[in-house]
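In listed order, ligands and their atoms are each counted from 1.
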Amino acid sequence: MTQTRSVVLGGGSYLPSRVLTNAELARMVDTSDEWIVQRTGIRERHIAADGEMTSDLALRAAQAALSDAGVDARTIDLIVLATSTPDQTFPATAVTVQASLGIDHGAAFDLQAVCSGFVYALSVTDSMLRSGACKRALVIGAETFSRILDWTDRTTCVLFGDGAGAIVLEAQQQPGNVTDRGILTTHLRSDGRHKSKLYVDGGPSSTQTVGHLRMEGRAVFKHAVAMITDVIDDAFKATGYGADSIDWFIPHQANKRIIDDSAKKLGIAPEKVVITVDRHGNTSAASIPLALDVARKDGRVKAGDLVLFEAMGGGFTWGSALVRW
Ligand code: UT7
C-alpha cells in the first residue's frame with residue numbers, strides 16, 4: 001500500500017563572508033586557539049555583516065535550495081523557519097522570507113526550539129505535508145547568534161557562529177516499503193526543568209531587552225550524549241534500522257567531543273559522521289542544514305542514502321529524524 005512521504009527535492013545554504021578565527025578571538029578575550037580546538041573542535045566561524053539579518057541569510061539559503069530543487073518559489077505553500085534570532089520580536093522572520101520570494105499564498109511561520117529547531121521544523125513540516133495541509137514546503141534554519149553573544153564572556157563567545165541552510169520538501173506517494181524516499185521518522189523531546197542551563201537573559205515579556213546567551217557548558221555537556229543517543233534509539237526502534245544501516249550521520253554541530261562520543265556510543269563508524277563544527281562553530285538551528293549542504297556538495301550524500309539527523313539544545317529540547325535521500 002502506497003504511503004505519503006515528505007521527500008527532499010533539494011537543499012542549499014548560505015554563510016556570511018566574514019570569517020572569525022580563534023586567533024582573532026584570542027585577541028578579544030582570554031582564550032587560545034589550542035583551548036578552543038581541544039575542547040570543541042572549532043577553528044573558525046562566520047559572522048554576519050552589520051545590517052545583515054537572519055532573514056537575509058535565510059533568503060539566500062532558501063533561494064539556493066529552490067534552485068537546487070529546480071522548483072519555482074511560487075509553488076511553495078509552507079515556510080517553516082527555525083530560529084532563535086529573529087529579525088524582530090514579530091512578525092515572524094518567515095514572512096519576510098515569504099515576501100522576498102514573491103509568495104503570497106500558503107503559510108509561513110517561525111519555530112523556536114533553539115539548537116533543535118531544524119529537527120523540530122522537519123517534524124512539524126512532515127506532519128503538515130503528510131496530513132495534506134500543504135504540498136510543498138521550505139524548511140529553513142537560520143541564525144545570527146553573534147547578535148546575542150556577550151563578546152566579553154569567553155565561556156560562550158568562542159562557541160557560536162552565523163549561517164543558514166534550507167531544504168525543499170514535497171508530499172509524494174511512495175511505495176510504502178523499505179525503498180521509500182523522504183522522512184521516515186522523527187522524534188521530539190523537551191524537558192523544561194533544564195531551562196536555566198542554557199538561556200538568553202532577556203526578552204520582550206521579562207526585561208524588554210534582547211539579552212545575551214548564558215550557558216552552564218559543563219551541565220549541558222553532561223546531558224547531551226545521553227539525550228542524543230536516547231532519541232536516536234527511538235528512531236531505530238520505529239524503523240528497524242540500526243547504526244549499520246545509516247549511510248550518513250549529520251548531527252547538530254555544537255562540540256566535536258559530543259558528536260564523537262554520541263557516534264561511538266551508538267556504534268556509528270567515524271567515517272559516516274559529517275563534521276563542520278570546525279569551520280562553522282555552533283550555528284544553532286542552522287547547523288544541520290549547513291552540514292548537510294557541505295556533505296551533498298562534496299558528493300557524500302547521494303540519492304537513496306539513509307541520513308540520520310539529531311540535535312540537542314536550550315530548553316532542553318532534543319530530537320532525531322531519519323531520512324531516505
Ligand atoms: O548547542 C547547544 C548545546 N550546547 C552545547 O552542546 C555546549 C555543551 N558544552 C560544551 O561544549 C563544553 O562544556 C564547553 C566547550 C562549553 C566547555 O568545555 P569544558 O570541557 O566543559 O570546560 P569547562 O566549562 O569545564 O571549563 C574548563 C576550564 C575552566 O577553567 P577552570 O575553572 O578549570 O580554571 C574555564 O574557566 O576552561 C576555562 N574556560 C576557558 N579557557 C580558555 C572556559 N572557556 C574558556 C575559553 N578559553 N574560551
Side-chain angles (χ1 to χ4, degrees), residues 20-45 82-85 112-121 141-146 148-163 165 188-192 194-200 212-232 250-263 265 273 275-278 280-291 309-320:
L20 179 64
T21 63
N22 289 350
E24 284 174 85
L25 275 166
R27 292 195 287 275
M28 294 158 61
V29 287
D30 182 16
T31 191
S32 63
D33 176 55
E34 192 193 3
W35 189 95
I36 301 171
V37 172
Q38 193 189 53
R39 300 284 175 134
T40 72
I42 300 168
R43 294 182 184 276
E44 59 188 35
R45 70 287 290 143
T83 190
S84 299
T85 46
Q112 210 271 64
V114 206
C115 296
S116 310
F118 188 76
V119 172
Y120 266 63
E143 303 277 18
T144 47
F145 260 49
S146 62
I148 54 163
L149 294 176
D150 173 354
W151 287 100
T152 66
D153 175 10
R154 70 174 183 173
T155 69
T156 52
C157 76
V158 304
L159 304 174
F160 296 89
D162 300 337
L188 304 182
R189 306 259 199 98
S190 63
D191 185 346
H194 299 288
K195 70 190 176 100
S196 58
K197 293 191 178 79
L198 174 49
Y199 68 104
V200 169
H212 291 118
L213 182 148
R214 306 292 174 202
M215 176 166 71
E216 290 174 33
R218 207 176 296 187
V220 179
F221 197 108
K222 207 181 83 193
H223 286 89
V225 175
M227 288 176 160
I228 289 163
T229 50
D230 236 36
V231 82
I232 289 173
I250 308 190
H252 168 52
Q253 309 280 320
N255 184 319
K256 187 165 183 302
R257 286 190 293 153
I258 296 176
I259 297 172
D260 290 347
D261 289 358
S262 306
K265 197 170 161 198
V273 184
I275 306 265
T276 49
V277 70
D278 53 331
H280 301 166
N282 180 348
T283 57
S284 190
S287 90
I288 291 174
L290 273 164
F309 302 113
E310 64 77 10
M312 184 264 182
F316 293 144
T317 55
W318 64 111
S320 64

> Any N or O of His252 that comes nearer than 3.5 Å to an N or O of ligand 1?
Replying inline: yes
>> Counting only heavy atoms, tell me which of Thr31, Leu213, Asp153, Val29 gets closest to atom 46 (C) of ligand 1.
In response: Thr31
> Got Ser284 and Val114 here, is their nearest side-chain heavy-atom distance under 4.5 Å?
Replying inline: yes
> Does at least one non-hydrogen atom of Leu25 fall below 4.0 angstrom from an atom of ligand 1?
Replying inline: no
> Can you tell which part of Leu198 has a heavy atom less than 4.0 Å from ligand 1: side chain, backbone, both or neither?
Replying inline: side chain
> With a 4.0 Å cut-off, strictly under, does atom 3 (C) of ligand 1 pick up any protein heavy atom?
Replying inline: yes
>> Heavy-atom pairs closer than 4.0 Å: do any link ligand 1 to the side chain of Thr155, the backbone, both, or neither?
In response: both
>> What protein heavy atom lies closest to atom 16 (C) of ligand 1? Include the residue and the distance to one decimal.
In response: Leu159 CD1, 3.8 Å
>> Would Ser32 count as being in polar contact with ligand 1, using the rule that some N or O on each side must be under 3.5 angstrom apart?
In response: no
> What residue and atom, counting heavy atoms only, is the protein's closest point to atom 5 (C) of ligand 1, and at what distance?
Replying inline: Val220 CG1, 3.7 Å
> Counting from 1, what ligand 1 atoms have a heavy atom of Thr40 closer than 4.0 Å?
Replying inline: 15 (C)
> How far is atom 29 (C) of ligand 1 from its nearest protein heavy atom, and which residue and atom is that?
Replying inline: Arg218 NH2, 4.7 Å
>> In this structure, does ligand 1 have an atom that sits under 4.0 Å from one of the heavy atoms of Thr156?
In response: no
> How far is atom 18 (O) of ligand 1 from its nearest protein heavy atom, and which residue and atom is that?
Replying inline: Arg257 NH2, 3.4 Å
>> Please state which option from Lys197, Met312, Arg154, Arg39 has its nearest heavy atom closest to atom 35 (C) of ligand 1.
In response: Arg154
> Which of parallel (below 30°), tilted (30 to 60°) and perpendicular (above 60°) describes His194 and Phe316?
Replying inline: parallel
>> What protein heavy atom lies closest to atom 39 (N) of ligand 1? Include the residue and the distance to one decimal.
In response: Trp35 CZ2, 3.4 Å
